[in-house]
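Worksheet for the structure shown next.
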Protein chains: 2
Amino acid sequence: MEGELGSREEAARWLDADERRTWLALVSVLVRLPSALDAQLQRDAGISNFEYQVMAGLSEAPDRTMRISDLAALAEGSLPRMSQVIARLEKRGWVRRAPDPGDGRYTLAIMTDAGWAKVVETAPGHVEAVRRLIFDPLTKAQPRQLHDICRRIMGAIDPDDQCPDRLDRPSAKR
Amino acid sequence: MEGELGSREEAARWLDADERRTWLALVSVLVRLPSALDAQLQRDAGISNFEYQVMAGLSEAPDRTMRISDLAALAEGSLPRMSQVIARLEKRGWVRRAPDPGDGRYTLAIMTDAGWAKVVETAPGHVEAVRRLIFDPLTKAQPRQLHDICRRIMGAIDPDDQCPDRLDRPSAKR
DNA sequence: TCAGATGAGTTGCACCGTTAAATGATTATG
DNA sequence: CATAATCATTTAACGGTGCAACTCATCTGA
């Protein structure tokens, strides 16, 4: 059991040299980009990237209010995780909970004024980081290429869920 | 403190609509692709993606032996993390430890025959997943575009570390 | 040779995420 | 209308990761 790898699994199609280079480069980005973004937010705002995404999503919702389950879907996280995140944000005074008046099974997460202020304060630095790490180093044509590539990969991962359409800034109020 | 966002931080440059779409698509990939790859490995082989990267890296080293610190650098993980991963792999009989004869400060991680067998057995399914999720949905031109984009982003994150040059299969022995 | 400095690795602790079971509310069914 | 089934959320137990403190080996400079 050592030579000729692929004796079963119908002789897997290995990656060629170019594909391997591409794959390794992608893996690096997959590992380092999230941690770089997390580092910026943690350092400058004391929150995680995930927490920021939740805050940003909530800040753009009507009345800055959303059901926890919708928020979980939006931020692509599990329900228990979202429950804990909301608990943390609530403890910091940025969000409060209320049962959904229409259906008591749902819990609404409501962003407080302090939460809104936090997003407004945090967003510019975060967007700046996104721009610096992603858009600045790319040529004019590459963002479009990247977009197409990401859509195709997402299509392969999950034919449904074509990435939620959400803004990434505190919705310019009014 | 609520309107006109960006009163400080010298009026941040917001993302325009195209950039935002690209950014959201990339975020989805950043979240879902690693978890999809993890799911495949967990389901078919009972190991995490990170553990597999470590095993794969070790399987290609001379004598299937590497210093733990080099392995940590290769897999882009911290030293404590690598120490624990090696401990897990050792417990499963796939790796053993030995002090470096040349310099007792280093510890060598040595892949056992069982570990080699595990990699040989696991690799095809993993490569298949990589191919299915990434290369199959892309056009002929896109892998090269993706490679260039990733290199540029990595350059912005960390001008050094131009992603380790490592293979991604059990090096065909001999 | 010996005390201190450096460096690899490990360990303890806190935090975060996942999974599975528990809770509370609502709807379906008899 | 009572009971069961379903759904959103929470809670509990467990595993993995980062950080800081600790151990041990080696090197440095008298």
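In the text below, chain A, chain B and the rest are named by the order of the sequence lines, each starting its count at 1. Every heavy atom of this structure was used, including side-chain atoms; hydrogens, water molecules and symmetry mates were not.
- Listed by chain and residue number, nothing satisfies the salt bridge (charged side-chain N to carboxylate O under 4.0 Å, His left out) test with A:R81 (two or more places apart in sequence, or in another chain).
- More than 12 heavy atoms of other shown residues, nucleotides or ligands fall within 6.0 angstrom of atom CZ in B:R97.
- B:D103 pairs by the salt bridge (charged side-chain N to carboxylate O under 4.0 Å, His left out) definition with B:R105, not counting sequence neighbours.
- When hydrophobic side chains of Ile, Leu, Val, Met, Phe, Trp and Tyr are connected at separations under 4.5 Å, B:L108 ends up clustered with B:I110.
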Dump the pairs, protein N or O against N or O of nucleotides 12-22 of chain D, anything under 3.5 Å, distances to one decimal.
{"residue": "D:dT17", "atom": "OP1", "partner": "B:R81", "partner atom": "NH2", "Å": "2.9"}
{"residue": "D:dT17", "atom": "OP2", "partner": "B:R88", "partner atom": "NH2", "Å": "3.2"}
{"residue": "D:dG18", "atom": "OP2", "partner": "B:S78", "partner atom": "OG", "Å": "3.0"}

N/O donor-acceptor pairs under 3.5 Å from side chains in residues 130-138 of chain B, not counting sequence neighbours:
{"residue": "B:R131", "atom": "NE", "partner": "A:R13", "partner atom": "O", "Å": "3.3"}
{"residue": "B:R131", "atom": "NH1", "partner": "A:E19", "partner atom": "OE2", "Å": "3.3"}
{"residue": "B:R131", "atom": "NH2", "partner": "A:R13", "partner atom": "O", "Å": "3.4"}
{"residue": "B:R131", "atom": "NH2", "partner": "A:W14", "partner atom": "O", "Å": "2.7"}
{"residue": "B:R131", "atom": "NH2", "partner": "A:E19", "partner atom": "OE1", "Å": "3.2"}

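- Rounding to whole angstrom units, CD of residue A:Q42 and P of C:dC15 are separated by 12 Å.
- To the nearest angstrom, C1' of C:dG7 lies 18 Å from CE of B:M82.
- At whole-Å resolution of the value, CD1 in B:I86 and P in C:dA8 are 16 Å apart.
- Distance CZ (A:R97) to P (D:dA8): 16 Å, rounded to an integer number of Å.
- When the C1' atom of C:dC15 is taken as reference, atom NZ of A:K91 falls 11 Å away, rounded to whole Å.
- Whole-Å rounding puts the B:Y106 OH to C:dA8 P distance at 5 Å.
- For the OP1/OP2 pair of C:dG9 and a distance below 4.0 Å, the side-chain nitrogens and oxygens of B:R67 include no atom meeting the criterion.
- Every residue two or more places apart in sequence or in another chain that forms a side chain to side chain contact (heavy atoms under 4.5 Å, CB included) with B:T122 is listed here: B:L41, B:A45, B:I47, B:Y52, B:K118.
- What separates CD1 of B:I68 from P of C:dT11 is a distance of 11 Å, to the nearest Å.
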Are A:R144 and A:D148 close enough, and set up right, to give a salt bridge (charged side-chain N to carboxylate O under 4.0 Å, His left out), and what steps lead you there? CA-CA 6 Å; A:R144 187 168 297 275; A:D148 188 33; over 6 Å; no

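- A:L79 comes within contact range of at least one nucleobase, with a heavy-atom separation under 4.0 Å.
- Proximity of A:S69 to the phosphate of D:dA8: no side-chain N or O atom is located under 4.0 Å from OP1 or OP2.
- Residue A:T107 places no side-chain N or O under 4.0 Å from the OP1 or OP2 atom of D:dA8.
- Not a single salt bridge (charged side-chain N to carboxylate O under 4.0 Å, His left out) links B:R92 to another residue, sequence neighbours left out.
- Between B:D70 atom CG and C:dG7 atom C1' the separation is 13 Å, expressed in whole Å.
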Within the sub-3.5 Å range, which N or O atoms of nucleotides 24-29 of chain C have a protein N or O partner, and how far apart are they?
{"residue": "C:dT26", "atom": "OP1", "partner": "A:G104", "partner atom": "N", "Å": "2.9"}

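- By the salt bridge (charged side-chain N to carboxylate O under 4.0 Å, His left out) test, A:D38 is found to be paired with no residue, residues two or more places apart in sequence or in another chain being considered.
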